[in-house]
Protein chains: 2
Amino acid sequence: MSTAERLIESTRDLLWERGYVGTSPKAILERAGAGQGSMYHHFTGKPDLALAAIRRTAEELRAAADAVLDGPGTPYDRIAAYLRRERDVLRGCPVGRLTMDPDVIASDTLRAPVEETITWLRGRIAAVVDEGRRLGQFPAESDPDELAATVVATVQGGYVLARASGSPDAFDAGVRGLLALLAPRTPAAPATD
Amino acid sequence: MSTAERLIESTRDLLWERGYVGTSPKAILERAGAGQGSMYHHFTGKPDLALAAIRRTAEELRAAADAVLDGPGTPYDRIAAYLRRERDVLRGCPVGRLTMDPDVIASDTLRAPVEETITWLRGRIAAVVDEGRRLGQFPAESDPDELAATVVATVQGGYVLARASGSPDAFDAGVRGLLALLAPRTPAAPATD
DNA sequence: GTCTATACATCGATAGAC
DNA sequence: GTCTATCGATGTATAGAC
């Protein structure tokens, strides 16, 4: 792996673990096994390196979401798969957590990939909800955009509950509660009577 | 207001705005209009002052939640009131955001008030859900603890969506989606047929 | 109690040798 | 491309005057 690659990967780890404000160039360099010179040769500074790291993390998150949302099953199944997909719950969301970083939110450049990713995810899930609505799996009067926001919020908030309690259980409880609310009351399959 | 009071209030503001890692004693002192000596006279250091600030913020949050959850209306109404209560959405949750602060989570002392508050809130809402369930306002098979986790997670995650997009609208969308799912299908009032 | 002075490490960046 | 040396500013804490 090239030095630039190692710098990006180390930054990704540290942004996830400690956030932007809590991550220093020094810590990045130590983890990457590189000197100051390397970092400032490949990147203009901390924000530039962080941007590269955030973009890559965002890309990975989109790919992971696509994998389950494009998967097999009914719309409900795919949303359930998204909600239940394996996560490092106690580490939090590597993208969502950046919204609590004051320096990320203060910078349009750093916030952009975060905003794009969350907006994309909401749209992606809204499309699945809409599909389910047209199939009669969700109530006709459901608003796909709103339900999608609820789904994404439950996941993002689940991380908060889990980290507060120090256990992934709280995340799972929130997900189960939401799935119970979403569960089709009337089977989507053709009625048999 | 005493110097100690001003120090605590300044720390509360900064913890909300910038988190623990992003808040320096220097910034606190400037905002409080105090010198180094005052801070180290009243508190043993940054963690001690932060603990006092977090405890007070947690207390306020509990009082605000109590006000709506003990308010008038059916269980559904009170949960809706909690979800819709006025919030500084773009600032995020002054307690929940601390879960993304690595140094807060790393310290049992600092994490304790955060954990207690979130746990208390979940229990408080679970009791309201349970009351609604016994009234027939929520399905008999609902799990109060899980639904409560979903409610709290939607709020906490709503802050993430709002801060990502730079607008409170996303928070409101998530709340509306959840309320639509929670809305009693069958009126709790005695059937009239 | 509050202040200023000081200490010593770290932050983020630059300089310049190799 | 990578390294070490250095820089001025800030972070957190202590000392000691008033």
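Keep in mind that the numbers below use all heavy atoms, side chains included, and drop hydrogens, waters and symmetry copies.
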Note to self: Looking at B:A162, is its backbone amide N or carbonyl O close enough to the side chain of B:D169 to form a donor-acceptor pair, meaning the two atoms are under 3.5 Å apart?
What the structure shows: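 Not a single qualifying donor-acceptor pair exists.
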
Checklist line | Side-chain donor or acceptor of B:R87 paired with backbone N/O of B:L83 under 3.5 Å | finding: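 The answer is yes, because a donor-acceptor pair under 3.5 Å joins these two groups.
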
Do the side-chain N or O atoms of [X] get closer than 4.0 angstrom to the phosphate oxygens (OP1, OP2) of [N]?
{"X": "A:Y40", "N": "C:dT14", "answer": "no"}
{"X": "A:S38", "N": "D:dG1", "answer": "no"}
{"X": "A:H41", "N": "D:dC3", "answer": "no"}

Without decimals, in angstroms, what is the distance between [X] [atom1] and [N] [atom2]?
{"X": "B:F43", "N": "D:dT14", "atom1": "CZ", "atom2": "P", "value": "16 Å"}
{"X": "A:M39", "N": "D:dT4", "atom1": "CE", "atom2": "P", "value": "16 Å"}
{"X": "B:R6", "N": "C:dG1", "atom1": "CZ", "atom2": "P", "value": "14 Å"}
{"X": "A:Q36", "N": "D:dA5", "atom1": "CD", "atom2": "P", "value": "12 Å"}
{"X": "B:K26", "N": "C:dT6", "atom1": "NZ", "atom2": "P", "value": "17 Å"}
{"X": "B:L29", "N": "C:dT4", "atom1": "CG", "atom2": "P", "value": "11 Å"}
{"X": "B:L14", "N": "D:dG11", "atom1": "CG", "atom2": "P", "value": "11 Å"}
{"X": "B:E5", "N": "C:dT2", "atom1": "CD", "atom2": "P", "value": "12 Å"}

Next item on the list: Give one of base, sugar-phosphate or nothing for A:G45, where a contact means two heavy atoms less than 4.0 Å apart.
Entry: sugar-phosphate

Check: Which part of the nucleic acid, if any, lies within contact of A:T44, taking any heavy atom under 4.0 Å across all strands shown: a base, the sugar-phosphate backbone alone, or nothing?
Finding: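 No contact.
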
Notebook entry, point to check: Are the charged groups of A:R62 and A:E116 less than 4.0 angstrom apart, N to O?
Noted result: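 No, this pair does not count.
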
Note to self: On a heavy-atom basis, which atom in A:A126 and which in A:D145 lie closest, and how many Å separate them?
What the structure shows: CB-OD1, 3.5 Å

Notebook entry, point to check: Which nucleotide, C:dT2, D:dA13, D:dT2, lies nearest any side-chain atom of A:T3?
Noted result: D:dT2

Item checked: B:A34, nearest nucleotide to its side chain (from D:dT12, C:dC3, C:dA13) -> C:dC3

Next item on the list: State, without any angle test, whether B:T23 and B:R18 hold a side-chain donor-acceptor pair at a distance under 3.5 Å.
Entry: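 The answer is no; no qualifying pair exists.
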
